[in-house]
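Treat the numbers as computed from the prediction; the structure is a model and nothing was measured. FYI, the numbering just counts along the sequence from 1.
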Amino acid sequence: MLGVINLLAWLFIGLRVIPLTFSIVSGIIFLLVLNFFRSPRRRFVGENTPQTVVSSVDGTVVALEETYEAEILHRRVIQLSVFMTVFNVHANWFPVNGKVEMVSHQPGRFLSAYLPKASAENERSAIVIKTDGGHEILVRQIAGAIARRIVTYPEPGDECSIEDHLGFIKFGSRVDIYLPLDTEIFVKIGDKTTGGITEIARLK
């Protein structure tokens, strides 16, 4: 579409500054979209064990607290949330190795994903993974003020690895990971993470 508009502008508009402006703006838009939708393959370079927990996304840790997860797990857990800006990679990775037990989608609002209430009120998808060590880990993909499309790849029964893509949140937002209370945490609020690479925790 951008190519057609630019071609018509160059063919039929005599004042060259106008098609030149179209071309520059189109190039910027194309590069931004290309940046948004990149989905790199990554390989975890640390010790990959049943206890390893990696970040599901590129971004910044914005929440790290003990909470009661009332929607799916119905127990007290550690919530670790990573927020993505529009400049981050928007692909999502599995945080642990294991088997997918449940996948669900919940419609909701499109508040800023940085807000704490976004976890409960925004459009979201939830994936429960059972690790080889028997832990149930909940991953929640959350839409934000800009993101209006969550893509979740796995189905219940699928085997998963920390090097596999879990899904994609178009134009960013946030991913929450819910971990057992005795999990050893390696990050703090404000830390930057790289999806599929940064080891954020270790299960007991």
Side-chain angles (χ1 to χ4, degrees), residues 42-44 46-84 90-108 113 116-143 150-169 173-189 191 193-204:
R42 292 174 178 168
R43 181 172 293 279
F44 181 66
E47 185 182 3
N48 189 349
T49 72
Q51 290 75 44
T52 301
V53 184
V54 301
S55 177
S56 286
V57 293
D58 293 10
T60 305
V61 178
V62 295
L64 180 57
E65 61 185 357
E66 181 179 326
T67 187
Y68 183 80
E69 204 294 308
E71 188 175 319
I72 294 172
L73 298 177
H74 305 291
R75 60 173 177 265
R76 297 200 69 78
V77 291
I78 296 173
Q79 177 184 335
L80 196 162
S81 303
V82 178
F83 175 77
M84 295 171 284
H90 297 81
N92 308 156
W93 281 260
F94 288 100
V96 293
N97 302 310
K99 187 173 184 177
V100 177
E101 287 196 323
M102 188 204 79
V103 178
S104 68
H105 180 81
Q106 183 71 35
K117 60 183 179 181
S119 296
E121 297 186 21
N122 278 22
E123 180 103 7
R124 58 200 180 275
S125 288
I127 304 95
V128 176
I129 304 163
K130 190 162 190 177
T131 71
D132 295 336
H135 297 288
E136 280 189 327
I137 308 301
L138 170 62
V139 185
R140 184 170 281 131
Q141 300 170 286
I142 302 168
I150 298 173
V151 180
T152 306
Y153 301 146
E155 299 287 344
D158 287 354
E159 298 289 336
C160 59
S161 162
I162 59 175
E163 295 182 353
D164 295 337
H165 284 141
L166 174 150
F168 201 97
I169 306 179
S173 285
R174 165 176 164 174
V175 170
D176 294 346
I177 302 174
Y178 297 86
L179 303 163
L181 293 176
D182 60 355
T183 301
E184 183 180 6
I185 305 295
F186 298 148
V187 293
K188 61 184 184 301
I189 290 179
D191 283 357
T193 66
T194 302
I197 299 294
T198 303
E199 187 173 8
I200 57 174
R202 185 171 293 273
L203 301 169
K204 295 293 184 182

Which atom names give the shortest non-hydrogen contact between [X] and [Y], and what distance separates them?
{"X": "Ser104", "Y": "Ile72", "answer": "OG-CD1, 4.2 Å"}
{"X": "Ser173", "Y": "Ile142", "answer": "CB-O, 2.7 Å"}
{"X": "Pro95", "Y": "Ile129", "answer": "CD-CD1, 4.0 Å"}
{"X": "Ser56", "Y": "Val175", "answer": "CB-CG1, 3.9 Å"}
{"X": "Leu166", "Y": "Trp93", "answer": "CB-C, 3.7 Å"}
{"X": "Leu181", "Y": "Ile78", "answer": "O-CD1, 3.6 Å"}

For Asn97 and Asn48, does a side-chain donor sit closer than 3.5 Å to a side-chain acceptor?
yes
[Y] backbone acceptor or donor facing [X] side chain under 3.5 Å:
{"X": "Ser55", "Y": "Ile197", "value": "no"}
{"X": "His135", "Y": "Lys204", "value": "yes"}
{"X": "Thr52", "Y": "Glu47", "value": "yes"}
{"X": "Arg140", "Y": "Arg124", "value": "no"}
{"X": "Thr60", "Y": "Asp191", "value": "no"}

Check whether any side-chain heavy atom of [X] lies under 4.5 Å from a side-chain heavy atom of [Y], and answer yes or no.
{"X": "Leu80", "Y": "Thr183", "result": "no"}
{"X": "Pro50", "Y": "Thr131", "result": "no"}
{"X": "Val139", "Y": "Val96", "result": "no"}
{"X": "Val82", "Y": "Val62", "result": "no"}
{"X": "Phe94", "Y": "His165", "result": "no"}
{"X": "Arg174", "Y": "Ile169", "result": "no"}
{"X": "Leu203", "Y": "Ile137", "result": "yes"}
{"X": "Val128", "Y": "Val100", "result": "no"}

[X] [atom1] to [Y] [atom2] distance, which is reported to the nearest 0.5 Å:
{"X": "Leu179", "Y": "Gln79", "atom1": "CG", "atom2": "CD", "result": "10.0 Å"}
{"X": "Asn92", "Y": "Asp164", "atom1": "CG", "atom2": "CG", "result": "13.0 Å"}
{"X": "Gln141", "Y": "His90", "atom1": "CD", "atom2": "NE2", "result": "13.0 Å"}
{"X": "Asp176", "Y": "Glu69", "atom1": "CG", "atom2": "CD", "result": "9.5 Å"}

Residues 155-162, side-chain donor-acceptor partners within the protein, below 3.5 Å, at least two apart:
residue	atom	partner	partner atom	Å
Asp158	OD2	Glu155	N	2.8
Ser161	OG	Glu163	N	3.2

